[in-house]
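Heads up: the structure comes next, in structure tokens.
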Amino acid sequence: MLRTLSRPDILITTLAAAGIMMISMGTRQSMGLFIGPIAASTGIGITSISLALAIGQFSWGAIQPIAGAVSDRFGPRSVLTGGMVLLALGSAITPFISSGFGLIISLGLLSAMGSGVGSFSVLFGTAASRLPSEARGAASGVINAGGSFGQFIIAPIMQKLIQSVGWMGAIWAMAAIALSALPLVNRLTRPIENPIKHTDQDVGIFKTIAISMKDRSYLFLHAGFFTCGFHVAFLVTHLPGEVNLCGLQPSVASWSIAIIGLSNIFGSLYAGWCTSKYRSKYILAIMYGSRTLLIAWYLWMPHTELVFYIFAVGLGLTWLATVPPTATIVGKLFGIRYLSTLFGLTLLSHQIGGFLGAYLGGLVITRFGDYGWMWYADMALAAMAALINLPIREAPVVMPMTAH
């Protein structure tokens with residue numbers, strides 16, 4: 001599966017991108033652990049904190065096509081550097097915040113946008129422009145697995161730091177972790193001697209976006225990815241609250257998030273391999289359909305510590321493993337010239353779903369005292385996503401010969 005990455009320059013590029021993804025996604029996916037401590041320390045309500053994190057879900061997605069377009073036009077080095085600094089800044093100022101509006105600025109905008117800049121759209125586009133076509137599928141799986149590995153190691157570290165030095169010390173440590181990505185940015189964006197030449201018809205970025213937004217398969221892909229964002233954001237934000245409702249220790253939540261990340265390492269690598277063997281739309285349909293069945297199983301079972309860990313394994317196998325086949329379809333449809341921009345737009349759809357998953361979870365728990373309605377909505381959306389991927393075609397879109 002990884003033979004195509006064995007050449008040293010290809011491997012170094014892939015691992016550098018995976019390392020940046022590990023830091024940006026690991027910090028982002030650990031934010032739910034801070035909801036309870038921030039609420040207890042500051043008196044800011046859970047609904048207000050959920051709103052800040054929900055806005056963070058949206059801004060994480062909204063910044064990606066912008067960052068992708070800037071990276072496609074001017075290069076990725078300054079974009080990625082700025083993203084890591086912004087992530088660190090947002091985390092560092094959070095302990096000085098005493099209002100819901102302040103959290104919107106620090107966590108909902110600064111940290112989230114910084115993490116988004118140093119995430120999928122720019123990293124996938126940067127790596128793809130430096131890798132031969134036969135290595136891109138496997139590389140996307142490894143880069144995606146880097147984010148999952150970050151979730152696996154950073155979530156338990158954050159939980160331990162919260163318990164030992166308090167949430168303020170923990171989030172300052174998170175800021176330091178974000179800055180540790182800067183050497184990897186320098187390595188990934190180092191000039192290369194023989195850059196990949198784009199063979200795709202280049203009609204310009206705005207014409208490409210206009211064409212893509214009229215393509216039915218691309219829009220179906222957006223709709224399916226929307227439901228993925230709803231699912232992931234709801235769980236990463238409110239799983240600690242669900243654990244608390246079940247009367248279990250907070251460590252169950254942090255270890256569940258870590259197990260999700262560990263399982264997704266294998267899921268991402270396998271998904272990257274599958275994209276070179278099978279139609280990506282069928283891979284996505286199976287992943288989304290499995291989520292419906294898994295949530296039904298969870299609701300049926302007694303909510304014990306073991307059930308949470310088994311549930312986490314199942315979630316992790318498809319958690320962000322949807323990213324490689326989704327990015328692959330975008331690349332097949334429109335080529336890699338503007339992959340950062342077009343996949344960034346797809347991620348924006350993902351994060352509109354993420355906003356609703358995070359915010360509605362806070363509203364539902366406040367109104368009803370549990371997350372029942374959210375689980376049923378998640379099941380229905382996952383089933384819809386499975387079905388809507390089936391009509392997608394994966395043949396390249398024919399571009400006009402000249403830009404207008």
Side-chain angles (χ1 to χ4, degrees), residues 25-36 46 49-50 53-54 56-58 60-61 112 115 147-148 150-152 154-156 158-159 224-246 248 250-265 267-268 287-299 301 303 305 307-323 350-365 370-383 385:
M25 291 299 294
T27 54
R28 175 175 174 268
Q29 300 284 25
S30 301
M31 285 298 181
L33 299 173
F34 291 90
I35 292 178
I46 289 179
I49 300 173
S50 296
L53 295 183
Q57 292 290 338
F58 177 79
W60 183 88
S115 176
S148 302
Q151 182 176 330
F152 171 66
I154 291 177
M158 288 298 108
Q159 183 64 55
F225 220 34
F226 167 93
T227 69
C228 181
F230 182 97
H231 169 86
V232 170
F234 163 57
L235 287 167
V236 78
T237 305
H238 295 288
L239 188 61
E242 177 76 1
V243 168
N244 183 61
L245 285 176
C246 297
L248 301 174
S251 60
V252 175
S254 62
W255 278 111
S256 294
I257 293 173
I259 290 170
I260 290 171
L262 179 63
S263 299
N264 196 233
I265 294 173
S268 295
M287 287 182 178
Y288 292 136
S290 71
R291 292 179 180 180
T292 302
L293 299 177
L294 183 64
I295 295 169
W297 174 84
Y298 167 76
L299 295 176
M301 294 294 290
H303 295 170
E305 184 174 333
V307 166
F308 269 100
Y309 293 151
I310 295 173
F311 186 48
V313 172
L315 289 173
L317 291 176
T318 69
W319 186 250
L320 292 174
T322 55
V323 171
H350 186 279
Q351 292 314 116
I352 292 173
F355 172 87
L356 293 174
Y359 185 51
L360 291 179
L363 291 180
V364 167
I365 187 63
D370 60 37
Y371 293 105
W373 285 107
M374 289 298 294
W375 290 117
Y376 295 131
D378 199 13
M379 289 176 63
L381 287 172

Task: Main-chain N/O of Gly224 paired to Thr227 side chain as donor or acceptor, under 3.5 Å - done: yes
Open item on the list: With side-chain contact (heavy atoms from CB on, under 4.5 Å) as the test, pick out the partner of Asn264 among Leu317, Val323, Leu320.
Closed with: Leu320
Open item on the list: For a quick test of reading the model, state the closest non-hydrogen atom pair linking Thr322 to Cys228 and the distance between them.
Closed with: OG1-SG, 3.4 Å
- [ ] Mind checking the OG1-CD1 spacing from Thr318 to Ile260? Nearest 0.5 Å is all I need.
- [x] 9.5 Å
Open item on the list: To check you understand the geometry: which heavy-atom pair defines the closest contact between Gly56 and Ala112, and what is its length?
Closed with: O-CB, 3.2 Å
Open item on the list: Taking Tyr359's backbone N and O only, do any of them form a donor-acceptor pair with Ser50's side chain (distance below 3.5 Å, no angle check)?
Closed with: no
Open item on the list: Measuring from atom CD1 of Ile295 to atom CG of Asp378, what distance do you get when rounded to the nearest 0.5 angstrom?
Closed with: 3.5 Å
Task: Shortest non-hydrogen separation from Ser30 to Gly26 and the atoms involved - done: OG-O, 2.8 Å
Task: Atom pair CG/CG of Leu356 and Leu363 - distance to nearest 0.5 Å - done: 10.0 Å
Open item on the list: Any heavy-atom pair between the side chains of Ile49 and Phe34 that's under 4.5 Å?
Closed with: no
Task: Residue Tyr376 excluded, over 12 heavy atoms near OH under 6.0 Å - done: no
Task: Whether over 12 other heavy atoms sit under 6.0 Å from Ile46 CD1 - done: no
TODO: Please examine the side chains of Ile35 and Pro240, heavy atoms only from C-beta on, and report whether any two atoms are closer than 4.5 Å.
DONE: no
- [ ] Indicate the ring-plane relationship of Trp375 and Phe234, choosing parallel, tilted or perpendicular according to the 30° and 60° boundaries.
- [x] perpendicular
TODO: Find the distance between CZ (Phe226) and CD (Gln351) and round it off to the nearest 0.5 Å.
DONE: 11.0 Å
Task: Nearest non-hydrogen partners of Tyr298 and Cys246, listed with the distance - done: OH-SG, 4.4 Å
- [ ] Might you work through the side-chain contact (heavy atoms from CB on, under 4.5 Å) test for Trp373 and Ile365, ending with a clear yes or no?
- [x] CA-CA 9 Å; Trp373 285 107; Ile365 187 63; over 6 Å; no
- [ ] Kindly assign one of parallel, tilted or perpendicular to the pair Tyr371 and His238, based on the angle between their ring planes and the thresholds 30° and 60°.
- [x] tilted
TODO: Answer whether the closest heavy-atom distance between the side chains of Trp60 and Phe355 falls below 4.5 Å.
DONE: no
TODO: Indicate yes or no: at least one non-hydrogen side-chain atom of His231 is less than 4.5 angstrom from one of Arg291.
DONE: yes
TODO: Taking all non-hydrogen atoms of both residues into account, name the closest pair between Ala233 and Gly354 and its distance.
DONE: CB-O, 3.2 Å
Task: Sub-4.5 Å side-chain heavy-atom contact between Val307 and Trp297 - done: yes
- [ ] Mind checking the OG-CH2 spacing from Ser263 to Trp319? Nearest 0.5 Å is all I need.
- [x] 11.0 Å
Open item on the list: Would you compute the distance between atom CD1 of Ile257 and atom CG of Leu33 and round it to the nearest 0.5 angstrom?
Closed with: 4.5 Å
- [ ] For the pair Thr292 (side chain) and Ala383 (backbone), establish whether a donor and an acceptor sit closer than 3.5 Å, ignoring hydrogens and angles.
- [x] yes
- [ ] Kindly indicate whether the side chain of Leu299, heavy atoms from C-beta on, has any atom under 4.5 Å from the side chain of Met379.
- [x] yes
Open item on the list: Just so I know, are the side chains of Phe308 and Glu242 near enough to count as touching, which here means a heavy-atom distance under 4.5 Å?
Closed with: yes
